[in-house]
Colleague: 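One structure coming up, written as structure tokens, with questions to follow.
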Amino acid sequence: MFNGFKVLMEFQHFGWLKFIFQHIYYFFVILLVTLTIVFAQKAGELWFNNKIPWGAIFIGLTWGLFHAFTQGNLLVGLYGCLLGFLFGTVYLLVKKNIYVAYWLILLMFIL
């Protein structure tokens, strides 16, 4: 989607100052995404069945639908849905360790 290595393309497009602020923004966005995954997973486990990746489903659907509507592109929405589901799955793969999950999700998002 970026026609090249994302970090390099962003640096070339934004310049160094905007690039730095963009990545500070990424740190906070991924913090909110990670917390949403954690709380959605916990709520799903309490309300329904703990064998289902509730956090992955919730963040995938909300992030995917949000991007589809704001970008006006269904493909971007599907990409956001897939990416969100992947992020939620990472949280479960690291055995719900929020600290490890945050850094892995951030790395996946930035790269």
Colleague: For I52 and Q41, which heavy atoms make the closest approach, and how far apart are they?
Modeller: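 Smallest heavy-atom distance, with atoms named: O-NE2, 3.3 Å.
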
Colleague: Would you call the rings of W63 and F87 parallel, tilted or perpendicular if under 30° counts as parallel and over 60° as perpendicular?
Modeller: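 Aromatic pair W63/F87 classed tilted.
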
Colleague: Write down the atom of K6, the atom of F109, and the distance for their closest heavy-atom approach.
Modeller: NZ-O, 2.6 Å

Colleague: Check whether any side-chain heavy atom of L111 sits under 4.5 Å from a side-chain heavy atom of F5, and report yes or no.
Modeller: yes

Colleague: Identify the two heavy atoms, one from V94 and one from A101, that lie closest to each other, and give their separation to 0.1 Å.
Modeller: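 Between these two residues, the closest heavy atoms are CG2-CB, 3.8 Å.
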
Colleague: If you define the side chain from C-beta out and look only at heavy atoms, does anything of L31 sit under 4.5 Å from L35?
Modeller: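 Result yes, sub-4.5 Å side-chain heavy-atom pair found.
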
Colleague: Tell me, with the steps shown, if E10 and Y26 meet side-chain hydrogen bond (donor to acceptor under 3.5 Å, both in side chains).
Modeller: CA-CA 12 Å; E10 286 177 338; Y26 288 162; 2.3 Å; yes

Colleague: Rounded to the nearest 0.5 Å, what's the gap from CD1 on I110 to CD1 on I30? Could you check?
Modeller: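 Rounded to the nearest 0.5 Å, the CD1-CD1 separation comes out at 8.0 Å.
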
Colleague: Are L65 and I37 grouped together when hydrophobic residues (ILVMFWY) are joined by side-chain heavy atoms under 4.5 angstrom apart?
Modeller: no

Colleague: Is it true that V33 and Y25 fall in one hydrophobic cluster, defined by side-chain heavy atoms closer than 4.5 Å?
Modeller: yes

Colleague: Answer whether the closest heavy-atom distance between the side chains of H23 and F11 falls below 4.5 Å.
Modeller: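 Not in contact.
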
Colleague: Quick check: closest heavy atoms across W54 and E45, and the distance to 0.1 Å?
Modeller: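 Smallest interatomic distance, heavy atoms only, reads CD1-N, 3.8 Å.
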
Colleague: Once you round to the nearest 0.5 Å, how far does CD1 of I98 lie from NZ of K96?
Modeller: 12.5 Å

Colleague: Does any N or O in the side chain of Y102 come within less than 3.5 Å of the main-chain N or O of F27, such that one atom is a donor and the other an acceptor?
Modeller: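 A pair under 3.5 Å: yes.
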
Colleague: Would you check, one step at a time, whether the test side chain to side chain contact (heavy atoms under 4.5 Å, CB included) holds for L86 with L82?
Modeller: CA-CA 6 Å; L86 183 63; L82 178 66; 5.7 Å; no

Colleague: Measure from the side-chain N and O atoms of K18 to the backbone N and O of H13, and report whether any donor-acceptor pair falls under 3.5 Å.
Modeller: no

Colleague: Could you see if L61 belongs to whatever hydrophobic cluster contains L32? Use Ile, Leu, Val, Met, Phe, Trp, Tyr and a side-chain cutoff under 4.5 Å.
Modeller: no

Colleague: Are the side chains of L107 and W103 in contact, using a 4.5 Å heavy-atom criterion?
Modeller: no

Colleague: Should L17 and V7 be regarded as members of a common hydrophobic cluster, given that ILVMFWY residues are connected when their side-chain heavy atoms come within less than 4.5 Å of each other, either directly or indirectly?
Modeller: yes

Colleague: CZ of F66: more than 12 outside heavy atoms within 6.0 angstrom?
Modeller: no

Colleague: Rounded to the nearest 0.5 Å, how far does NE2 of H67 lie from CG of L74?
Modeller: 13.5 Å

Colleague: Are any of the side-chain heavy atoms of I59 and F85 separated by less than 4.5 Å?
Modeller: no

Colleague: Roughly how far, to the nearest 0.5 Å, is CG of N97 from OH of Y99?
Modeller: 8.0 Å

Colleague: Do the side chains of F28 and L83 join up, straight or via other hydrophobic residues, at under 4.5 Å, putting them in one cluster?
Modeller: yes

Colleague: Contact between L104 and L93 at the side-chain level, heavy atoms closer than 4.5 Å - yes or no?
Modeller: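 A side-chain contact under 4.5 Å is absent here.
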
